Amino acid sequence: MSTAKHLIAPSVLAADFANLQRDVTMVNESEADWFHIDIMDGVFVPNISFGFPVMQAIAKHAQKPLDVHLMIVDPDRYLQLCKDSGAAVITVHYEACTHLHRTLAAIKELGCKAGVALNPHTPVSLLKDIIHDLDLVCLMSVNPGFGGQKFIEHTYSKIVELRALAAGVNDALLIEIDGGVGAANADKLLAAGADVLVAGNSVFAAQDPKAAIQQLKTAGLPTQSA
Ligand code: DX5
Ligand code: ZN
C-alpha cells in the first residue's frame, strides 16, 4: 500500500458499459479512492453519457465514494436526485450556474461535498469571491464531453494559481484534474499542487487497469529502493 495523500478517481465513462459490474468491482479492489461519474446532457456539452438510473446501478456495487461531475445546464434541478442516487461529491460547472453561491449551498444542504468545475478557457481568478465556500475545484484539462482527449498543458499554471488563490482562505480545498491524465503527467500535476487525479482512458484502456491505478497512486512518491 502506498502512503500517498492524493486521491485517484477512475472515470467510469471509459468503462465497458456492457460489463459495468465487473469494472466497478475492479475499482473496488484497486487502490483507487473514488469513482468519477460523468453526467452529460447533450446541451452543456456536445455529448450524452448516462443518467441517474445508471449511476444508481453503479452505486449499488461501488464501495467507494461517488464523485459526480455534472456537465449539464441548470444543475439545480437534479441535485436532490443526484444525492439520492448515491453522490458523495457533486461538482457543477461554473459556466452553467448563474447563481453559483445558491447552488453550492444547496449541495452542502444535501450533505454532499460541493465542487465547481472550470472549462479550460475559464480563469481561476473568477473563483476569488467563492473560493472559501468550495470543497473542491475541478480544473478541466480537456474540453468536457469526451474521454480520451489530449491533455492541455496550460493546466499546470492554473493549478499553481488556484493553490495561491486558496492559500490562507481555504487550505483544505481539493484541486482535481480531469482530462488526459495518466502516468506521463501525474508526477508533474502533483508537484504543481493537484490533490485528485481523474483518469478514464489511462485506466480502463490499460492492459492491467489495477496496475495503472496503482501507478497513479504511487506517483509523486520517492521510488522505493529494494
Ligand atoms: C470529460 C470527462 C472526463 C473524462 C476523462 O468530459 O469529464 O472525466 O472521462 O477521460 P480521460 O481520462 O480519458 O481523458
Ligand atoms: Zn469528469
Side-chain angles (χ1 to χ4, degrees), residues 6-17 20 23-24 26-27 30 32-52 54-55 58 62 64-73 75 78 82 85 87-96 107 112-122 135-156 158-159 174-186 188-190 194-207 209 212-213 215-217 219:
H6 65 274
L7 307 179
I8 304 302
S11 171
V12 176
L13 186 66
D16 178 353
F17 292 168
L20 257 188
D23 285 358
V24 168
M26 181 281 291
V27 175
S30 77
D33 300 277
W34 292 349
F35 286 85
H36 186 79
I37 308 288
D38 288 305
I39 305 235
M40 305 178 188
D41 65 357
V43 179
F44 180 70
V45 288
N47 195 15
I48 298 175
S49 53
F50 50 77
F52 295 105
V54 172
M55 180 178 152
I58 295 167
K64 296 173 182 184
L66 303 191
D67 167 40
V68 186
H69 179 191
L70 293 178
M71 286 164 274
I72 63 175
V73 295
Y78 293 102
C82 190
S85 301
V89 183
I90 301 180
T91 296
V92 295
H93 263 267
Y94 180 89
E95 303 83 5
I107 293 172
C112 294
K113 281 192 192 298
V116 170
L118 299 184
N119 277 339
H121 75 277
T122 303
D135 294 308
L136 176 148
V137 173
C138 175
L139 294 177
M140 291 308 302
S141 39
V142 297
N143 284 294
F146 303 91
Q149 300 182 81
K150 189 175 175 296
F151 178 83
I152 297 171
E153 297 287 320
H154 181 61
T155 310
Y156 298 115
K158 289 180 83 169
I159 299 173
L174 292 174
I175 300 180
E176 177 177 74
I177 311 302
D178 188 6
V181 174
N185 53 17
K188 201 169 163 190
L189 289 168
L190 296 169
D195 301 294
V196 187
L197 302 180
V198 175
N201 265 59
S202 67
V203 165
F204 288 98
Q207 283 278 56
I213 291 169
Q215 199 179 359
L216 291 172
K217 191 65 185 170

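Both ligands and their constituent atoms are indexed starting at 1 by order of listing. What you see is a predicted model; the values in this text were computed from it and never measured.
- If you number the atoms of ligand 1 from 1 as listed, the ones under 4.0 Å from a heavy atom of H36 come out as 8 (O).
- Geometrically, ligand 1 and G148 share a nitrogen or oxygen pair separated by less than 3.5 Å.
- Atoms of ligand 1 lying under 4.0 Å from at least one heavy atom of G147, given by number and element, are 10 (O), 13 (O).
- Looking at ligand 1, you'll find an N or O of G200 within less than 3.5 Å of one of its N or O atoms.
- Polar contact with ligand 1: absent for N143 (N/O pair, distance under 3.5 Å).
- The closest approach of D178 to the Zn ion (ligand 2), by N/O/S atoms, is made by OD2.
- Checking L118, D178, N119 one by one against L139, the side chain to side chain contact (heavy atoms under 4.5 Å, CB included) holds for a single residue, L118.
- For D38, the N, O or S atom with the smallest separation from the Zn ion (ligand 2) is OD1.
- Of all the atoms in ligand 1, the ones that sit under 4.0 Å from a non-hydrogen atom of L13 are 9 (O).
- Close contacts between ligand 1 and G145 involve ligand atoms 1 (C), 6 (O) [criterion: under 4.0 Å to a heavy atom].
- A salt bridge does not link D67 to K113: none of the charged nitrogens lies less than 4.0 Å from a carboxylate oxygen.
- Looking only at heavy atoms of the protein, atom 14 (O) of ligand 1 is closest to G180 N, 2.8 Å.
- Atom OH of Y78 is surrounded by 12 or fewer heavy atoms from other residues, nucleotides or ligands within 6.0 Å.
- Within ligand 1, counting atoms from 1 as listed, the ones closer than 4.0 Å to a heavy atom of H69 are 7 (O).
- For V27 against K64, the heavy-atom pair with the smallest separation is O-NZ, 2.9 Å.
- The ligand atoms of ligand 1 that sit less than 4.0 angstrom from a heavy atom of N201 are 11 (P), 12 (O), 13 (O).
- H69 contributes ND1 and H36 contributes NE2; the angle these two atoms make at the Zn ion (ligand 2) is 110°, rounded to 10°.
- Per-residue contacts place M140 under 4.0 angstrom from the following atoms of ligand 1 (heavy atoms of the residue considered): 7 (O).
- Between S202 and ligand 1, no pair of N/O atoms sits closer than 3.5 Å.
- Scanning all protein heavy atoms for the shortest distance to atom 3 (C) of ligand 1 gives D178 OD1, 2.9 Å.
- Residue M71 has at least one heavy-atom neighbour below 4.0 Å for each of these atoms of ligand 1: 6 (O), 7 (O).
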